[in-house]
Structure formats: structure tokens, C-alpha cells
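One structure is given below, encoded as C-alpha cells.
Reckoned from all heavy atoms, side chains included, excluding hydrogens, waters and symmetry mates.
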Amino acid sequence: MRILRALSVLVVIVSAVALSATVPILSSYQGRAEMIQRMRVDASADALFGDPSGTPLGSPQKMIIGDPKAFLPGTGDGGVKLVSENYLTQHKIYPLQLRTVEFIIGNVWLGAGIGLVIGLLALWFTGRKQKR
């Protein structure tokens with residue numbers, strides 16, 4: 001029973017740390033995320049028509065891109081920042097979608113919550129058995 005009790009304490013501690021540590025991580029990513037529209041820039045169209053924006057790829061998403069050189073001048077509809085897909089591809093930069101971060105942290109919260117409940121139940125069960 002001592003081993004089960006020690007493992008239960010370990011599970012409770014790890015679960016509590018996981019639950020509390022992910023809150024500032026999520027907050028940090030949410031603070032850095034911007035509404036971004038990826039654009040495929042065609043150099044010949046830019047030279048002929050003077051339109052550096054290019055063709056939009058997909059719909060605007062909340063993303064995190066750390067390289068300021070990837071951003072195009074100006075903004076899109078509703079203040080959406082424009083990003084050069086060509087630059088991202090050339091420099092092997094993969095933007096991180098905020099939805100991905102929220103999904104992973106949500107799963108961590110679910111797993112840590114389940115672990116916390118199981119750990120507390122095991123502590124209660126082992127403590128009850130020792131009193132007898």
C-alpha cells in the first residue's frame with residue numbers, strides 16, 4: 001500500500017503542476033497570436049501591376065509567426081496582417097496556429113484533471129485502508 005500511496009502522491013503533484021503550468025503558456029501564445037492571411041506573391045504581377053499583396057491562400061487564421069520579415073506591407077480586410085507564403089517556404093518557417101495550441105493544452109488539461117481525480121481517489125482509498 002505504501003507504493004500505491006507514493007505513486008498517488010506523485011500523480012497528484014504532477015497533475016497539479018501540469019494544470020497550473022499550462023495557464024501562463026496558453027496566455028503567452030494568445031498574446032502573441034495575430035489574425036494573419038497567407039499570400040502567394042507573384043513577382044511578375046508585382047513588377048507589372050505594382051500589387052505586392054498577391055493571391056490569398058485559405059482564410060485568415062490566428063497564427064504565431066516570429067519572423068517580422070515574413071509580413072507584407074499593409075493590411076487586408078478588417079486589419080488582417082498579410083504574410084508572404086513565398087518567404088515562409090524559402091526560409092522553412094511553419095506558422096503555428098493558435099487553434100493547435102488550444103487543442104493540445106485542452107488535452108493536457110483533460111489528462112491532468114483525470115490524473116488528479118484518480119490520484120486523489122487513490123490517496124483517499126489507501127488512507128482509509130491504513131486506518132483500519
Side-chain angles (χ1 to χ4, degrees):
M1 282 300 210
R2 286 184 182 174
I3 293 174
L4 181 59
R5 188 155 179 83
L7 287 175
S8 300
V9 169
L10 182 64
V11 167
V12 168
I13 290 170
V14 169
S15 296
V17 168
L19 285 170
S20 61
T22 53
V23 172
I25 293 170
L26 179 60
S27 177
S28 171
Y29 279 113
Q30 286 174 334
R32 295 185 330 194
E34 300 174 296
M35 190 61 83
I36 291 174
Q37 174 66 57
R38 294 177 13 226
M39 304 293 283
R40 177 146 332 264
V41 179
D42 185 10
S44 59
D46 184 21
L48 287 174
F49 306 113
D51 181 21
S53 59
T55 307
L57 299 173
S59 61
Q61 301 287 328
K62 282 211 167 214
M63 293 186 199
I64 299 144
I65 298 176
D67 190 349
K69 295 177 188 173
F71 292 94
L72 296 170
T75 59
D77 295 337
V80 174
K81 292 192 174 188
L82 305 176
V83 172
S84 170
E85 182 68 19
N86 303 17
Y87 183 87
L88 296 176
T89 305
Q90 288 171 354
H91 293 88
K92 294 183 173 58
I93 298 172
Y94 303 99
L96 178 61
Q97 284 193 12
L98 184 60
R99 289 187 332 184
T100 303
V101 173
E102 291 170 342
F103 175 77
I104 290 171
I105 288 182
N107 285 333
V108 169
W109 285 346
L110 180 64
I114 290 170
L116 186 64
V117 168
I118 290 172
L120 289 172
L121 285 173
L123 277 174
W124 176 74
F125 179 73
T126 57
R128 211 171 122 211
K129 287 287 188 180
Q130 287 179 352
K131 289 180 184 176
R132 287 185 181 179

Work out which heavy atom in Val80 is nearest to a heavy atom in Met35; give both atom names and the distance. CG1-O, 3.6 Å

Distance-only criterion, 3.5 Å: show the donor-acceptor pairs between side-chain atoms of residues 59-73 and protein atoms not counting sequence neighbours.
residue	atom	partner	partner atom	Å
Ser59	OG	Gln61	NE2	3.0
Asp67	OD1	Lys69	N	3.0
Asp67	OD2	Tyr87	OH	2.6

Please report, to 0.1 Å, the donor-acceptor pairs under 3.5 Å made by any side chain of residues 12-21, with sequence neighbours excluded.
residue	atom	partner	partner atom	Å
Ser15	OG	Val11	O	2.8
Ser15	OG	Ala112	O	3.4
Ser15	OG	Leu116	N	3.4
Ser20	OG	Ala16	O	3.0
Ser20	OG	Val17	O	3.2

Do the side chains of Leu7 and Val117 join up, straight or via other hydrophobic residues, at under 4.5 Å, putting them in one cluster? no

Output the distance between atom CD1 (Ile105) and atom CG (Leu98), rounded to the nearest 0.5 Å. 9.0 Å

State the CG-CZ distance between Leu120 and Phe125, to the nearest 0.5 angstrom. 15.0 Å

Reported CG-to-CG distance for the pair Leu57 and Leu88, which is rounded to 0.5 angstrom: 10.0 Å

Hey, quick one: are Leu26 and Leu96 part of the same hydrophobic cluster, counting side-chain heavy atoms closer than 4.5 Å, chains of contacts allowed? yes

Hydrophobic cluster membership, Ile118 vs Leu110, 4.5 Å side-chain cutoff: yes

Identify the residue among Gln90, Gln37, Arg38 that makes a side chain to side chain donor-acceptor pair (under 3.5 Å) with Glu85. Arg38

Please check if the side chain of Ser8 supplies one atom and the backbone of Leu4 the other of a donor-acceptor pair under 3.5 Å. yes

Salt bridge (Lys or Arg N to Asp or Glu O under 4.0 Å) partners of residues 73-83, not counting sequence neighbours, each pair once: Glu34-Lys81

Between CG of Asn86 and CE of Met39, what distance do you get to the nearest 0.5 Å? 10.5 Å

Could you state whether Val83 and Ile93 fall into the same hydrophobic cluster, counting links through intermediate Ile, Leu, Val, Met, Phe, Trp or Tyr residues with side-chain heavy atoms under 4.5 angstrom apart? yes

For atom CZ of Arg99, is the number of surrounding heavy atoms from other residues, nucleotides or ligands below 6.0 Å larger than 12? no

